[in-house]
Amino acid sequence: MNIGISFTEWPGIGTPKWTGLDNYKALFSDGEFWASFRNNVALIIAMAIIPTCIGLVLAAALTDFIGKKFGPRTASVLRACIYLPQLLPVVLVGIVWSWLLAPDNGAVNEMFKAVGLDSLAHDWLGDPKTAIWSVMVVMVWIQIGFPLVIFMSGLQRVDPSLYEAAEIDGASWWRRFWHLTIPQIRPETYVCLLWCTIASLKVFGHIYVLTKGGPGGATNVPAYYSFQNFFDKTEVGYGSAIATILTLIIVALTVVFLRVQSKDLGEEQ
């Protein structure tokens with residue numbers, strides 16, 4: 001139904017008027033649409049690439065160091081604490097971070113003032129130059145827990161004798177991590193990158209609560225831009241076209257990820 005509506009001009013009531021490819025032609029010349037995709041690239045970095053890298057290092061540290069030195073229970077508690085943001089309601093997370101980053105009495109600015117760094121106090125979400133960076137920080141904090149849990153689960157299937165042999169040979173923790181851990185959990189790496197990339201392309205709730213795409217479109221993303229056209233501008237056909245394009249991009253990326261994964265793992269076997 002969404003695809004059908006994308007070929008029409010429709011305000012949401014009455015009978016849709018068939019316009020063919022007009023919405024898609026307008027879409028490809030819409031600067032705001034392409035700007036929203038540039039912002040989405042930043043969120044892919046914040047929600048997929050950075051959390052996957054940090055989650056991998058944390059998983060290896062919790063398994064190989066914390067778990068051995070302080071016991072598996074301690075490692076499990078830390079894992080649960082890091083994963084907690086994934087379980088919190090989107091609205092709650094957005095409201096709390098809005099308070100933390102508030103320009104007048106937000107905790108971040110108050111902290112800078114308390115240590116004599118008043119010049120660093122800033123309207124983090126209200127300045128177009130810092131809004132997207134602030135949102136990226138929030139998304140990294142939220143997303144780290146997912147790769148961490150996936151990687152810690154994947155490390156359970158790695159043969160411990162490999163690490164023991166490497167340790168006996170004098171390999172440092174970093175060398176064991178680089179030459180053993182990363183190659184052994186490549187399937188989990190693909191899963192994390194795929195799921196987190198899809199999540200970043202679909203992100204809506206956090207943008208809606210934190211910035212509503214502002215200021216001046218600095219944090220707008222395709223999912224929110226589609227919402228704006230659906231409900232704020234009542235250009236349902238145009239919003240449907242945006243949603244259709246976004247869906248096609250997600251499907252295409254999924255196919256590419258799966259093919260690369262199958263080829264890589266097939267060559268390894």
Side-chain angles (χ1 to χ4, degrees), residues 40-88 93 133-203 250 252-269:
N40 223 148
V41 171
L43 291 187
I44 290 174
I45 295 173
M47 295 181 66
I49 297 175
I50 294 177
T52 298
C53 294
I54 296 177
L56 179 55
V57 174
L58 287 176
L62 289 176
T63 302
D64 199 35
F65 178 72
I66 301 296
K68 291 181 179 178
K69 189 169 184 179
F70 300 99
R73 180 173 295 181
T74 302
S76 297
V77 171
L78 291 174
R79 177 184 61 190
C81 291
I82 297 172
Y83 187 74
L84 180 61
Q86 286 276 308
L87 304 177
L88 297 176
V93 171
W133 295 103
S134 301
V135 172
M136 287 175 69
V137 170
V138 175
M139 301 313 297
V140 169
W141 175 79
I142 292 171
Q143 201 70 13
I144 285 176
F146 177 76
L148 173 67
V149 170
I150 297 296
F151 286 135
M152 287 191 73
S153 176
L155 288 172
Q156 301 303 312
R157 63 177 179 78
V158 180
D159 188 355
S161 63
L162 294 175
Y163 292 103
E164 294 172 3
E167 193 170 359
I168 292 173
D169 289 341
S172 64
W173 182 88
W174 178 253
R175 291 181 66 85
R176 296 197 302 273
F177 170 76
W178 187 258
H179 294 287
L180 288 178
T181 301
I182 293 178
Q184 290 292 321
I185 58 173
R186 270 191 293 181
E188 286 78 8
T189 303
Y190 283 116
V191 169
C192 287
L193 286 174
L194 175 59
W195 277 85
C196 292
T197 299
I198 292 175
S200 65
L201 289 171
K202 297 192 305 177
V203 67
I250 291 174
L253 281 175
T254 302
V255 171
V256 171
F257 264 105
L258 293 177
R259 286 188 175 181
V260 171
Q261 179 183 10
S262 300
K263 182 179 179 181
D264 186 35
L265 297 180
E267 292 176 353
E268 181 181 355
Q269 292 174 357

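- L162 and L180 make their closest contact through O-CD1, 3.6 Å (heavy atoms, listed as atom of the first residue, atom of the second, distance).
- Among residue pairs with one or both ends in residues 52-84, none qualify as ring-ring contact (aromatic ring centres under 6.0 Å, His included); sequence neighbours excluded.
- Atoms CH2 and CD, on W141 and Q86 in that order, are 10.0 Å from each other to the nearest 0.5 Å.
- Relative orientation of the W174 and W178 rings is parallel, given thresholds of 30° and 60° on the angle between their planes.
- Between the side chain of Q143 and the backbone N or O of C196 there is no donor-acceptor pair closer than 3.5 Å.
- The main-chain N or O of L193 is found under 3.5 Å from a side-chain atom of T197 such that the two form a donor-acceptor pair.
- The minimum heavy-atom distance between P85 and C81, with the atom names listed, is CD-O, 3.8 Å.
- Residue F146 comes nearest to C192 through the heavy atom pair CE2-CA, 4.2 Å, listed as atom of the first residue, atom of the second, then distance.
- The list of salt bridge (Lys or Arg N to Asp or Glu O under 4.0 Å) pairs with a residue in residues 141-156, not counting sequence neighbours, is empty.
- In this structure, the side chain of D169 does not engage the main chain of A171 through any donor-acceptor pair within 3.5 Å.
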Just do the side-chain contact (heavy atoms from CB on, under 4.5 Å) check on T181 and Y163 with the steps written out, would you?
CA-CA 9 Å; T181 301; Y163 292 103; 2.9 Å; yes

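- Between atom NE2 of residue H179 and atom OG of residue S172 there is a gap of 8.5 Å, rounded to the nearest 0.5 Å.
- Remark: of the listed residues V158, D159, L155, V158 is the sole one forming a side chain to side chain contact (heavy atoms under 4.5 Å, CB included) with Q184.
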In residues 50-64, what donor-acceptor pairs under 3.5 Å come from side-chain atoms, sequence neighbours left out?
| residue | atom | partner | partner atom | Å |
| --- | --- | --- | --- | --- |
| T52 | OG1 | A48 | O | 2.5 |
| T63 | OG1 | A59 | O | 2.8 |
| D64 | OD1 | K68 | NZ | 3.0 |
| D64 | OD2 | W173 | NE1 | 3.0 |
| D64 | OD2 | R176 | NH2 | 3.3 |

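- Around atom CZ of R259, no more than 12 heavy atoms belonging to other residues, nucleotides or ligands sit under 6.0 Å away.
- Taking the side chain as every heavy atom from C-beta outward, M47 and V140 never approach each other to under 4.5 Å.
- Separation of atoms CE (M152) and CG (L148) is listed at 6.0 Å; rounding is to 0.5 Å.
- At a threshold of 4.0 Å, the pair R175-E167 does not count as salt-bridged, since none of the basic side-chain nitrogens sits closer than that to a carboxylate oxygen.
- Taking 4.5 Å as the limit, some side-chain heavy atom of V260 sits within range of a side-chain heavy atom of Y190.
- Considering I49, I45, I44 as possible partners of S200, the one that fulfils the side chain to side chain contact (heavy atoms under 4.5 Å, CB included) test is I44.
- Note that the CZ atom of R186 and the CD atom of Q261 stand 10.5 Å from one another [nearest 0.5 Å].
- Side-chain contact between L194 and L253: absent, with no pair of heavy atoms (C-beta onward) separated by less than 4.5 Å.
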